[in-house]
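A short worksheet on the structure shown next.
Counting begins at 1 with the first residue of the sequence. One-based numbering, in listed order, for ligands and for the atoms of each. The figures that follow rest on heavy atoms only: side chains count, while hydrogens, waters and symmetry mates do not.
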Amino acid sequence: MSQALIDQARKVMDGNDRGSYTVPTHGLYPFQWNWDSALSALGFSHYDIDRAWVEIETLMAHQWADGMVPHIIFHEPDDGYFPGPDVWGTNRVVPTTGITQPAVAGFALRKIFDRSEDKVLARRRLANLLPKIHAWHKWFYKHRDPEASGLVAIIHPWESGRDNSVDWDEALEGVPMEGVASFTRRDTTHANPDHRPTDEQYRRYIWLVQTFRRLGWDNAKLHDASPFRLVDPGFNAILIRSCDDVAELAELIGDPDMALEARAMAAKGRAAMESLWNPKLGQYTCYNRAAGILQDTPTVGGILAAFAQVPTARAEALVARINLLSQRCVYLVPSHDPADSSFDSRRYWRGPSWLIVNYMIADGLILAGQEAMAQRLLADSMRLIEKSGFAEYYDPISGEPCGGGDFTWTAAMVIEILKVQKVPA
Ligand code: DGY
């Protein structure tokens with residue numbers, strides 16, 4: 001059974017492989033996405049280690065001079081996606097967007113290095129990639145944490161990867177819609193509009209893009225100029241975890257200065273995460289930096305914080321929180337609490353369960369000694385695959401597939417889970 005699923009997952013990945021990068025899925029997302037690529041490389045690492053390295057190498061080849069790694073690289077023109085390069089106007093030879101995404105590449109790189117048999121070659125490739133990833137992490141703390149709090153802010157919902165989460169609702173209301181040029185969405189021609197963000201959200205997303213473009217994509221200006229500045233626990237946890245991994249890898253390639261810097265960033269970030277603990281909910285929650293408010297939005301962003309290997313008491317509380325959610329849905333972990341009035345079981349990040357999120361939460365829980373809950377999340381992930389195939393995300397109550405189909409990172413997670421976690425399928 002496991003091998004049959006792995007074969008199917010490989011077929012999905014191969015169908016989305018464009019040689020030196022993967023697209024998340026044909027049609028809906030026809031380019032290279034930053035965190036999709038990094039997590040998809042984990043799938044490759046089990047059957048084609050060279051291809052896993054290439055995925056990250058292609059991503060990092062498009063890093064900006066200031067250290068930022070863009071959220072989309074528009075390798076080939078494709079009219080089937082909006083907003084394309086003409087909207088972003090970043091003036092690069094190979095066009096990219098001007099914002100970033102969760103920094104999971106450092107975490108993926110460590111796994112790829114560990115799984116490489118030819119360590120001489122792997123060290124050579126690592127020596128090329130590691131300084132780039134470290135520079136990206138430093139970019140985050142310089143440009144997205146100008147007051148050196150230890151926590152970085154996102155300045156656009158798309159940076160979080162959790163585009164239409166309830167976490168952003170209040171802050172997005174403060175983002176104007178006036179002056180946004182008229183546009184035609186393409187996503188709703190590829191996926192059910194009921195599974196996607198609303199038109200109003202899209203207008204506000206585009207207002208932010210137009211505003212940043214007017215500022216010349218100058219990262220020295222964007223953070224303070226953005227009315228949308230949110231500190232997301234999940235996003236910070238991913239960055240902290242990647243800093244840990246960069247530190248370990250830097251030791252391996254004999255760069256103690258890099259290791260020291262990476263450890264210092266991770267330690268400061270971890271200490272600061274405590275300020276996002278929300279005792280009312282028993283989980284971490286988002287901090288609206290522009291408004292100075294710790295929110296009460298019960299989303300999976302605050303549970304994904306487990307990925308940063310949180311203190312034992314926090315991990316225990318997160319397990320209790322997931323247990324509570326399990327009484328409100330059938331397939332863990334819903335991206336929004338089903339008991340909350342904003343829950344929408346099929347609409348992207350306002351309810352559905354995602355395999356990549358389950359995988360990262362489980363990974364963090366294992367580090368914190370919470371093996372039983374970790375196994376439960378992985379088992380639920382496999383139940384979703386068996387019921388509904390390799391979808392983008394799933395209704396956490398019915399288990400129905402939502403969003404795009406034949407999804408690369410979902411397939412990659414299946415390979416990763418079956419090969420590494422040995423969940424019975
Ligand atoms: C989209 O187009 O829906 C993407 O999530 C933006 O990154």
Side-chain angles (χ1 to χ4, degrees), residues 16 21-40 59 62 68-88 90 95-105 154-168 172 175 180 183-210 212-213 217 228 230 232 234-235 238 299-301 304 335 344 346-352 354-357 391-393 402-410:
N16 292 331
Y21 67 95
T22 50
V23 298
T25 184
H26 50 85
L28 184 59
Y29 304 120
F31 312 108
Q32 183 178 24
W33 259 258
N34 185 328
W35 74 322
D36 287 74
S37 252
L39 289 164
S40 299
L59 175 68
H62 297 273
M68 199 270 284
V69 183
H71 107 286
I72 304 175
I73 299 148
F74 299 106
H75 290 282
E76 301 284 343
D78 193 316
D79 288 344
Y81 180 81
F82 173 85
D86 52 322
V87 178
W88 293 91
T90 55
T96 73
T97 61
I99 56 173
T100 192
Q101 255 194 336
V104 73
I154 54 161
I155 58 170
H156 193 296
W158 285 337
E159 290 200 312
S160 68
R162 297 188 296 113
D163 302 10
N164 67 340
S165 169
V166 177
D167 279 332
W168 326 133
L172 259 192
V175 173
V180 172
F183 57 82
T184 307
R185 287 175 64 175
R186 305 278 186 219
D187 56 313
T188 43
T189 64
H190 301 291
N192 183 338
D194 292 344
H195 299 182
R196 297 286 304 169
T198 62
D199 284 348
E200 181 181 319
Q201 283 163 341
Y202 255 77
R203 280 202 288 281
R204 298 187 198 275
Y205 298 158
I206 297 303
W207 186 91
L208 288 168
V209 172
Q210 288 183 181
F212 301 153
R213 181 178 177 167
W217 296 109
F228 184 94
L230 267 291
D232 171 8
F235 191 94
I238 291 171
T299 76
V300 80
L304 182 53
S335 46
D344 184 338
R346 294 179 184 178
R347 205 180 278 281
Y348 213 19
W349 290 95
R350 299 177 79 86
W354 293 68
L355 254 69
I356 50 126
V357 172
E392 185 178 5
Y393 43 94
C402 299
D406 292 336
F407 224 79
T408 311
W409 70 6
T410 305

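Looking only at heavy atoms of the protein, atom 7 (O) of ligand 1 is closest to H71 NE2, 2.8 Å.
Interatomic distance, D36 CG to N16 CG, rounded to the nearest 0.5 Å: 10.0 Å.
Proximity of F82 to ligand 1 is not established, as no heavy-atom distance is less than 4.0 Å.
At a threshold of 4.0 Å, the pair R185-D199 counts as salt-bridged, since one of the basic side-chain nitrogens sits closer than that to a carboxylate oxygen.
For ligand 1, the atoms lying closer than 4.0 Å to a non-hydrogen atom of Y29 are 1 (C), 2 (O), 3 (O), 4 (C). Per-residue contacts place D163 under 4.0 angstrom from the following atoms of ligand 1 (heavy atoms of the residue considered): 1 (C), 3 (O), 4 (C), 5 (O), 6 (C). Of all atoms in ligand 1, numbered sequentially from 1 with element shown, those under 4.0 Å from a heavy atom of Y81 are 1 (C), 2 (O), 4 (C), 6 (C). The R196 neighbourhood of ligand 1 comprises atoms 1 (C), 3 (O), with distances under 4.0 Å to a heavy atom of that residue.
In this structure the side chain of P157 never reaches within 4.5 angstrom of the side chain of W349, judged on heavy atoms.
Checking only distances, Q101 never comes within under 3.5 Å of ligand 1, N or O to N or O.
Counting heavy atoms closer than 4.0 Å to ligand 1, residue Y348 contributes side-chain atoms (C-beta onward) but none from N, CA, C or O.
Taking the six-membered ring for Trp and thresholds of 30 and 60 degrees, Y81 and Y29 have ring planes inclined between 30 and 60 degrees apart. Using cut-offs of 30° and 60° on the angle between ring planes, the pair W88 and H156 is tilted. Between Y348 and Y393, the ring planes are tilted. Angles from 30° to 60° get that label.
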